[in-house]
Amino acid sequence: MPELPEVETVRRGLAQRVTGEQITSVWFSNKPQPFKSPPHEIAQVLQGARISGVQRAGKHIVIELDADVLTPPSGSAAAGTSSPALKRSAAKAVRKTTAARAQRQDGAEHPQCIVHLGMTGALQVTSPDAVILKHTHAILRLASGKEIRFVDPRRFGRIWVTRGFQTVGLEPLNTGFDTFAALFRQRKTPIKSALLNQKLLRGVGNIYADESLFRAGIRPRRRASSLARQELQHLHKAVQRVLREAIAAGGSSISDYFDVEGEPGLFQTRHRVYGREGQPCFRCTTAIKRIVVAGRGTHYCPKCQR
DNA sequence: ACTATGTCCTGCGAGC
DNA sequence: TGCTCGCAGGACATAG
């Protein structure tokens with residue numbers, strides 16, 4: 001399940017391997033779910049565009065494009081089939097795109113392709129003769145011959161195009177303590193739910209929420225507003241440390257996560273609580289407990305976390 | 001304004 | 001062995 005460290009790993013791999021490349025053509029599967037913009041619109045934006053960089057915002061990958069490098073031949077855009085579901089989401093996407101629009105200084109925003117990997121999504125950078133995996137939903141063919149492929153068995157991932165992409169929530173690694181603490185002071189929801197809320201902090205998911213709470217010594221069900229200043233300080237440090245360490249390890253490979261070269265991450269070997277129900281706590285040997293918070297499997301040490 | 005819950009989707013492992 | 005069933009969860013819709 002890609003969270004901030006996995007998405008950052010993918011971003012780095014993409015940036016290194018496809019920056020400066022031109023997209024010559026695109027292909028989409030006819031499964032409707034992964035596309036928030038209609039495929040023909042995505043194709044129209046991508047085809048002929050040059051990739052000027054790859055950014056990340058929370059769990060979103062933002063592929064920056066220079067348009068008008070080459071005007072796409074009209075009517076030649078490849079696209080998958082349409083469907084009622086796609087048309088409904090199309091109207092919605094247009095409204096969101098308009099709402100998200102933000103003026104750059106020169107007044108001409110460049111287009112962007114946004115990718116969210118969901119639960120099981122992966123981006124590959126491959127040669128064209130590499131075997132096309134089952135559940136491949138999009139292929140961007142590049143001028144060098146390389147391909148960017150979006151693979152997602154469970155189809156919780158999303159791809160769309162926009163300009164001036166903005167999303168709410170704070171980047172946890174760029175947030176100081178006072179701003180961090182202010183997010184939680186008034187909230188009655190369990191601290192774990194608050195950590196998962198992307199409108200507050202963006203990028204923390206189920207694994208890193210559990211791991212951060214363990215390192216901070218805080219029980220997942222504690223009301224966010226009940227945390228003392230010192231506990232919030234521990235949590236702030238723990239979130240940043242866990243995310244930084246996980247990025248350094250190339251992320252955690254639990255479900256179907258692989259980086260753009262198909263390599264798994266290594267951080268799962270350093271999980272203290274996630275996926276360790278019944279096993280001894282590394283700090284005190286008490287058996288790790290598993291409960292459900294916010295509908296998510298939640299792991300903690302009943303002795304070390306209070 | 002918050003908070004809680006249901007929904008989507010497929011692969012996999014438990015259980016018989 | 002081969003089958004069914006339930007679980008896994010990020011983001012969003014909907015209900016309270």
Side-chain angles (χ1 to χ4, degrees), chain A residues 1-8 10 29-37 56-62 83-86 88-93 95-97 99-100 114-123 133-138 150-160 162 165-169 172 182-212 220-226 243 251-258 264 268 271 273-278 290-299:
Chain A
M1 49 212 78
E3 305 178 26
L4 187 152
E6 292 76 31
V7 176
E8 177 61 21
V10 169
S29 76
N30 52 19
K31 298 274 191 178
Q33 284 80 359
F35 307 113
K36 272 172 79 170
S37 310
R56 179 187 60 75
K59 300 175 191 172
H60 297 276
I61 292 164
V62 182
S83 75
L86 272 179
R88 280 196 303 276
S89 70
K92 204 178 291 180
R95 286 196 299 274
K96 283 196 178 177
T97 301
I114 314 298
V115 181
H116 193 297
L117 299 174
M119 275 285 295
T120 55
L123 285 171
L133 298 176
K134 194 179 174 185
H135 306 300
T136 297
H137 300 301
F150 177 68
V151 187
D152 185 9
R154 224 167 288 183
R155 282 189 278 145
F156 279 19
R158 292 292 182 267
I159 297 179
W160 70 101
T162 186
F165 178 70
Q166 291 182 0
T167 185
V168 291
L183 295 175
F184 304 113
R185 283 204 180 107
Q186 302 289 77
R187 302 199 173 260
K188 292 177 184 157
T189 198
I191 185 62
K192 160 118 181 202
S193 302
L195 287 174
L196 293 177
N197 184 346
Q198 302 296 298
K199 292 186 168 71
L200 303 179
L201 279 187
R202 61 191 198 198
V204 177
N206 202 41
I207 294 173
Y208 298 107
D210 282 7
E211 293 297 317
S212 298
R221 281 219 175 101
R222 286 275 303 279
R223 303 270 152 200
S225 57
S226 79
L243 294 176
S252 303
S253 289
I254 290 293
S255 182
D256 302 60
Y257 169 73
F258 293 95
Q268 66 279 7
H271 292 172
V273 288
Y274 186 84
R276 299 195 63 245
E277 181 186 11
R290 183 185 181 280
I291 58 176
V292 174
V293 179
R296 302 290 171 254
T298 298
H299 314 72

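Every chain is numbered from 1 and lettered A, B, ... according to where its sequence line falls, protein lines coming before strand lines.
- Atom CZ in A:Arg187 sits roughly 5 Å away from atom P in B:dT3 (whole-Å rounding).
- Remark: the A:Asp152 side chain and the A:His135 side chain contain no N/O donor-acceptor pair separated by less than 3.5 Å.
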Checklist entry - Can you give one letter per nucleotide of nucleotides 3-10 of chain C, going 5' to 3': B for a protein heavy atom under 4.0 Å from the base, S for sugar-phosphate only, - for none? => result -----BBB
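- The CG-P distance, from A:Asp152 to B:dC9, rounds to 12 Å in whole Å.
- Summarising the geometry, the separation between NZ on A:Lys199 and P on C:dA11 is reported as 10 Å, rounded to the nearest angstrom.
- Note: NZ (A:Lys134) to C1' (B:dT10) measures 9 Å, nearest angstrom.
- The minimum heavy-atom distance linking A:Pro2 with A:Gly118 is given by the pair CD-O, 3.2 Å.
- A:His137 has its NE2 atom 13 Å from the C1' atom of B:dC8, to the nearest Å.
- The phosphate of B:dT10 has neither OP1 nor OP2 within less than 4.0 Å of any side-chain N or O from A:Thr120.
- A straight line from CG of A:Asn197 to P of B:dA4 spans 11 Å, rounded to a whole angstrom.
- Ring orientation note: the planes of A:Tyr274 and A:His271 are nearly perpendicular, at an angle over 60° on the 30°/60° scale.
- Counting to the nearest Å, the P atom of C:dC12 and the CZ atom of A:Arg202 are 13 Å from each other.
- Using a 30° and 60° split on the angle between ring planes, A:His137 and A:Phe150 fall in the tilted class, from 30° to 60°.
- With sequence neighbours excluded, the residues that form a side-chain hydrogen bond (donor to acceptor under 3.5 Å, both in side chains) with A:Glu8 are A:Arg11, A:Arg12, A:Arg56.
- Looking at heavy-atom distances under 4.0 Å, A:Arg158 makes no contact with the nucleic acid at all.
- The residue among A:Ser193 and A:His135 whose nearest nucleotide of DNA chain B lies closer to the 5′ end is A:Ser193.
- Side-chain polar atoms of A:Lys192 and A:Thr298 form a donor-acceptor pair below 3.5 angstrom.
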